[in-house]
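None of the values given here were measured: they were computed from a predicted structure. Per chain, numbering begins at 1; letters A, B, ... match sequence-line order.
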2 protein chains.
Amino acid sequence: MTHPLRQHIEEIIDLTDEEFEYIFSHFETVKKRKHQYLIQEGEIAQKEYWILKGCVKSYFLDENGKEHILRFAMEHWWITDYESFVIQTPSNIYIDCLEDCELLYISYENRDKLTSEMHKMERFWAKKSKLGRIALQKRILSLLKNSAKERYDLLLEQYPKLFQRVPKKMIASYLGVSRETLSRLNS
Amino acid sequence: MTHPLRQHIEEIIDLTDEEFEYIFSHFETVKKRKHQYLIQEGEIAQKEYWILKGCVKSYFLDENGKEHILRFAMEHWWITDYESFVIQTPSNIYIDCLEDCELLYISYENRDKLTSEMHKMERFWAKKSKLGRIALQKRILSLLKNSAKERYDLLLEQYPKLFQRVPKKMIASYLGVSRETLSRLNS
DNA sequence: ATGAAAACATGCCATATATCAATATTAAAA
DNA sequence: TTTTAATATTGATATATGGCATGTTTTCAT
């Protein structure tokens, strides 16, 4: 049975068994329990995570201590603070587990190493970066043109599973509305 | 005197004279007058532009014909519809000139060619893509946590030149507020 | 230079959403 | 299970922002 990470990478580029073995040797596994952090504000992100099992959120705390959720990530999604990871500067965000999680991660150094050693992986990550950018663009568009209700419906349509796994107040934070408003959208 | 495009690329990677010459041979120059389009909805983006002189906006028209501005671009900025350009699907957006413009552009094919022929350029564009993603992330954060007034002040602080060149109603559209509201923010 | 169009400002009112408070519901912990 | 904490709902009200109408100013095209 092929490893899910291999399946994931092969959605973009094909790999030989040896290539995948080599790539995989650059990853580590870690388990985290609900409420544990992957990254905290002030740290420099040293790892990019790939989720085997579980669900996490990345968020930012404003001056009033209010939480603004940047994104969620579930099985087979990548997550880190890309700003901190790419530029290697202290992070402004937190990432923590909403459920008990099983994670793969690759260190900054190993990612760098793989990028220069394996052109295929350089292309893989380049493609991922492009797709990530497109997804963010779409979210901006949605924030500009859609009402809270519309954004809610779109999210529900796109990620129905999310709604069974994360509290509504976090959905609200992700959408940029108060939890009370979200609670009233259905009626 | 070094070409501004060379200066721009060399902010990220160093080039020999020959390398720049070669890269540059893949670009074309074009002049556009105010109100002319670089891309229209429905077209597949075939070119990525680099602005030598002038100012453009990229925007989306919603069902009611309301314009939502995704971004502006001025001298030494890149612009295209990345979604359309990267995936080669029909565009949902328009890009047009706010002033008479002088532009360089590279075709999709030439960019692809350069990416595979010159590893330096592959790295250049990968870096640009990462930085673009980080910028979009920041904008989302700003839309989530800042009020209209705060977003206005932040934009003014970051791109003061923009305010002298583009109508306020477009700034409003970029910020996601009505022109009337923007007009009232200063008081 | 002149008329037309675009951009801007402001008053008025409608609406969406935030905020605060009280309570109900559900989930987690002891 | 019982207790406690987290989450969700609902009402009352405040606030921010939107949309329309109108007048003014600026810019643009001829």
Side-chain angles (χ1 to χ4, degrees), chain A residues 32-36 54-57 59 61-69 72 94 96-101 140-156 162-187, chain B residues 32-36 54-57 59-69 72 94 96-101 140 142-156 162-187:
Chain A
K32 294 271 186 182
R33 307 207 58 196
K34 185 168 177 174
H35 295 133
Q36 287 190 307
C55 183
V56 308
K57 67 171 194 251
Y59 60 99
L61 294 182
D62 69 19
E63 316 77 51
N64 312 311
K66 193 170 163 186
E67 174 177 314
H68 301 276
I69 295 186
F72 299 101
Y94 297 84
D96 67 32
C97 299
L98 300 175
E99 304 170 353
D100 293 354
C101 285
I140 289 175
L141 214 53
S142 182
L143 283 166
L144 290 179
K145 73 180 238 271
N146 296 120
S147 67
K149 170 71 170 156
E150 288 167 333
R151 275 176 278 150
Y152 178 87
D153 290 339
L154 286 168
L155 187 67
L156 180 57
L162 203 61
F163 287 70
Q164 294 146 22
R165 293 175 76 170
V166 318
K168 296 249 175 74
K169 67 168 189 173
M170 294 183 192
I171 303 280
S173 169
Y174 178 85
L175 292 173
V177 295
S178 69
R179 50 212 146 80
E180 293 94 333
T181 297
L182 190 89
S183 180
R184 281 182 261 250
L185 288 182
N186 297 315
S187 38
Chain B
K32 294 271 184 181
R33 307 207 56 197
K34 186 170 177 172
H35 294 133
Q36 287 189 307
C55 183
V56 309
K57 67 170 193 252
Y59 61 99
F60 163 91
L61 293 182
D62 69 20
E63 316 76 52
N64 311 311
K66 192 170 163 185
E67 174 177 313
H68 301 276
I69 295 187
F72 299 101
Y94 296 84
D96 69 31
C97 298
L98 300 174
E99 305 170 353
D100 293 354
C101 284
I140 289 175
S142 182
L143 283 167
L144 289 179
K145 73 181 240 267
N146 297 120
S147 68
K149 171 69 171 157
E150 288 167 335
R151 275 176 278 150
Y152 178 89
D153 289 340
L154 285 168
L155 187 67
L156 180 56
L162 202 62
F163 287 69
Q164 294 146 22
R165 293 175 77 170
V166 318
K168 295 251 173 75
K169 68 165 188 173
M170 293 183 191
I171 303 279
S173 168
Y174 177 86
L175 292 174
V177 294
S178 70
R179 46 210 148 78
E180 294 93 333
T181 297
L182 190 89
S183 180
R184 282 181 262 248
L185 288 182
N186 297 314
S187 37

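- Residue Glu180(B) places its side chain closer to dT10(C) than to any other of dT10(C), dG18(D), dA18(C).
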Evaluation steps, side-chain contact (heavy atoms from CB on, under 4.5 Å), between Leu143(A) and Leu144(B): CA-CA 9 Å; Leu143(A) 283 166; Leu144(B) 289 179; 4.3 Å; yes
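- Checking dT10(D), dT17(C), dG18(D) against the side-chain heavy atoms of Arg184(A) singles out dT10(D) as nearest.
- Distance, Arg151(A) CZ to dA16(C) P: 13 Å, rounded to whole Å.
- Nearest to the side chain of Pro167(A), among dT17(C), dA21(D), dA8(D), sits dA8(D).
- The Ser178(A) side chain lies nearest to dA18(C) when the options are dT17(D), dA18(C), dA9(C).
- Of all heavy-atom pairs spanning Val166(B) and Leu98(B), the tightest one is CG1-CD1, 3.7 Å.
- Among the nucleotides dA9(C), dT9(D), dT10(C), the one closest to the side chain of Lys168(B) is dA9(C).
- Taking atom CZ of residue Arg179(B) and atom C1' of nucleotide dT22(D), one finds them 13 Å apart after rounding to whole Å.
- Nearest-nucleotide positions on DNA chain D place Leu182(B) closer to the 5' end than the other of His35(B) and Leu182(B).
- Contact between the side-chain N/O atoms of Lys169(A) and the OP1/OP2 oxygens of dT9(D) is not found at any separation under 4.0 Å.
- Side chain of Lys34(A), nearest nucleotide from dG18(D), dT17(C), dA28(C): dA28(C).
- With rounding to whole Å, Arg33(B) atom CZ is found 8 Å from dA29(D) atom P.
- When distances are taken from the side chain of Ser183(A) to each of dG18(D), dT10(D), dA18(C), the shortest belongs to dT10(D).
- Exactly one residue among Lys34(A), Arg165(A), Arg33(A) makes a salt bridge (Lys or Arg N to Asp or Glu O under 4.0 Å) with Glu99(A). That residue is Arg165(A).
- If you check dA7(C), dA8(D), dG11(D) against the side chain of Met170(B), the one that comes closest is dA7(C).
- The distance from atom CG of Asp100(B) to atom NE2 of His35(B), rounded to the nearest 0.5 Å, is 10.0 Å.
- The distance from atom CD of Glu150(A) to atom P of dA16(C) is 11 Å, rounded to the nearest whole Å.
- Protein atom CG of Leu98(A) is 14 Å distant from nucleotide atom C1' of dT7(D), rounded to whole Å.
- At whole-Å resolution of the value, CG in Leu175(A) and P in dA16(C) are 17 Å apart.
- As rounded to whole Å, 14 Å separates atom C1' of dT7(D) from atom CD1 of Ile69(A).
- Ring geometry for Tyr152(B) against Phe163(B) counts as perpendicular: the plane angle is over 60°, on a 0 to 90° scale with 30° as the lower cut.
- Within the nucleic acid shown, Lys149(B) has no heavy atom closer than 4.0 Å to any nucleic acid atom.
- Regarding Leu185(A), its CG atom lies at a distance of 13 Å from the C1' atom of dT9(D), rounded to whole Å.
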